[in-house]
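Worksheet for the structure shown next.
In each ligand, atom 1 is the first atom listed, and ligand 1 is the first ligand listed. Everything numeric in this text was worked out from a predicted model, so none of it was measured.
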Amino acid sequence: MSFVDQFNKLNWDDISMSIYSKTASDVERALNKPKRDLEDFKALISPAAEPYLEQMAQLSYSLTRKRFGNTMSLYIPLYLSNLCANACTYCGFSMENRIKRKTLDRDEVSAEIDAIKAMKFDSVLLVTGEHETKVGMKYFRAMVPMIKEQFNYLAMEVQPLDQEQYAELKTLGLDAVMVYQETYHPSTYGEHHLRGNKTDFEYRLDTPDRLAKAGIDKIGIGALIGLEEWRTDCFYVAAHLDYLERTYWQTRYSISFPRLRPCEGALQPKSVMTDKQLVQLICAYRLLNPEVELSLSTRESPSFRDNVLPLGITSMSAASKTQPGGYAMDDVELEQFEISDERSAASVEDMIRAKGFDPVWRDWHSAYSG
Ligand code: SF4
């Protein structure tokens, strides 16, 4: 059994219609419940909830503080390679883009580690394009133990792998894997994933199940907001989370909500999400699930990140470079997408403290469980 079975019972148009038909009384009912379900989530992300944003924000704030205290985990992405055998319409690394390609060797990774450690980070997210043959298990076997030696918490955002491969990487030090479905609308997915293994919608959808079965500590899911109608896509993320938590209760989960950003061969979003709507979504996820970690990247602007920080977010990236070798070499020609918050790690740390929060340089959970 996997989420694919559950997914096949859901109907995109019915869900969409159900979200858009929610009323103010559905929203009020959801706000007043001590424990909320997926129907309540639909109400909270619906247009009917927009006038209730202040109340949602207050509830989200207090639920988050109750579970996570006044802490903010900080992590940094470490791009190992921009080689990719897929063609995704929204990404600078797409195989069809004529850009300089680079995969870091051991010395180059070591230079990146030094630069990252100098900024105080103890939690890294390894990122690659998806190139099974050149940046596959052989490469990961060589790099993961070497990087893990230097950091407390190691997450990965690479091509989906098999269960046995995840189990092996766990023995080498892998703690968490982020695997975003991009969109849960199969035909729209097909329009944006034109070549390569990523065209296999179901294999990707099945990945969090394989990760949980392999015993990976934390799994990150999400949709790329803008590819499809955002409310319905984000409902699918919530349904996916609900299924995973019920099926694999021992695993931790995090959600990200990247919005489409300009990149080489830029794609215009089909569904535009405003800043206010992103706040609404963050609060709705928190109201649905007080335990889930909510992560915000440097794709968002400094002012947005500063303002939204207390409302439900539990971890943030900082000082990110989205190209391999970005911390030690800084060759912008290689980057995946432009980041919006370009502040240094130290100034993001200062901002977090100024807001009355404690920056935590490790994964939130590992920092408090020893
Ligand atoms: S989104 Fe991922 S798989 Fe698609 S082109 Fe970019 S790096 Fe490759």
Side-chain angles (χ1 to χ4, degrees), residues 76-104 124-137 139-140 143 155-162 165-166 176-208 210-211 219-228 233 237 255-270 295 297-299 317 320-326 331-339:
I76 191 163
L78 167 47
Y79 277 69
L80 296 173
S81 171
N82 65 357
L83 251 67
C84 192
N86 291 320
C88 306
T89 58
Y90 48 83
C91 178
F93 290 175
S94 181
M95 65 180 291
E96 286 162 353
N97 288 343
R98 287 169 166 264
I99 57 164
K100 243 163 91 180
R101 303 285 172 172
K102 170 112 196 116
T103 301
L104 302 186
V124 285
L125 170 66
L126 306 184
V127 187
T128 67
E130 299 195 5
H131 202 296
E132 196 59 47
T133 47
K134 294 197 174 138
V135 191
M137 280 302 285
Y139 183 79
F140 300 144
M143 296 303 170
M156 262 186 150
E157 188 180 334
V158 305
Q159 66 271 30
L161 302 169
D162 295 338
Q165 295 173 321
Y166 286 131
V177 173
M178 312 294 130
V179 58
Y180 306 126
Q181 188 60 31
E182 319 298 11
T183 174
Y184 287 77
H185 189 291
S187 63
T188 301
Y189 184 94
E191 285 165 27
H192 291 287
H193 302 99
L194 305 171
R195 290 175 69 182
N197 291 343
K198 200 169 175 179
T199 53
D200 191 339
F201 179 88
E202 278 199 6
Y203 184 70
R204 196 169 187 90
L205 193 61
D206 199 35
T207 308
R210 295 195 303 279
L211 283 162
I219 301 170
I221 59 172
L224 178 55
I225 292 168
L227 286 184
E228 245 307 335
D233 246 341
V237 174
I255 296 183
S256 299
F257 8 81
R259 293 189 278 184
L260 270 178
R261 299 262 311 142
C263 73
E264 188 150 329
L267 174 82
Q268 291 311 305
K270 177 171 179 180
S295 179
S297 80
T298 52
R299 282 176 181 250
S317 52
S320 305
K321 300 284 184 187
T322 68
Q323 70 272 30
D331 183 349
V332 288
E333 262 190 67
L334 301 170
E335 75 186 1
Q336 186 183 29
F337 56 86
E338 287 170 37
I339 60 164

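- Ligand-side atoms of ligand 1 in range of G129: 7 (S), range being under 4.0 angstrom from any heavy atom.
- Distance from atom 2 (Fe) of ligand 1 to its nearest protein heavy atom, with residue and atom name: K198 NZ, 4.0 Å.
- In summary, an N, O or S atom of C84 is located under 2.8 Å from atom 8 (Fe) of ligand 1.
- Side chains of Q165 and F140 form no contact here, defined as non-hydrogen atoms less than 4.5 Å apart.
- Shown in contact with S94 at under 4.0 Å from a heavy atom are these atoms of ligand 1, numbered in order with element: 5 (S).
- Checked for salt-bridge contact, K270 and E191 miss the test: no charged N lies under 4.0 Å from a carboxylate O.
- Within the 2.8 Å limit, C88 places at least one N, O or S atom next to atom 4 (Fe) of ligand 1.
- At the top of the distance list for atom 6 (Fe) of ligand 1, counting protein heavy atoms only, stands C91 SG, 2.3 Å.
- Between Y90 and H193, the ring center distance clears the sub-6.0 Å criterion.
- Between the side chain of N86 and the backbone N or O of K198 there is at least one donor-acceptor pair closer than 3.5 Å.
- Nearest protein heavy-atom contact of atom 3 (S) of ligand 1 is N86 ND2, 3.3 Å.
- Using a 4.5 Å heavy-atom threshold, the side chains of V179 and P208 count as touching.
- In this model, a donor atom of one side chain and an acceptor atom of the other lie less than 3.5 Å apart for Y180 and S256.
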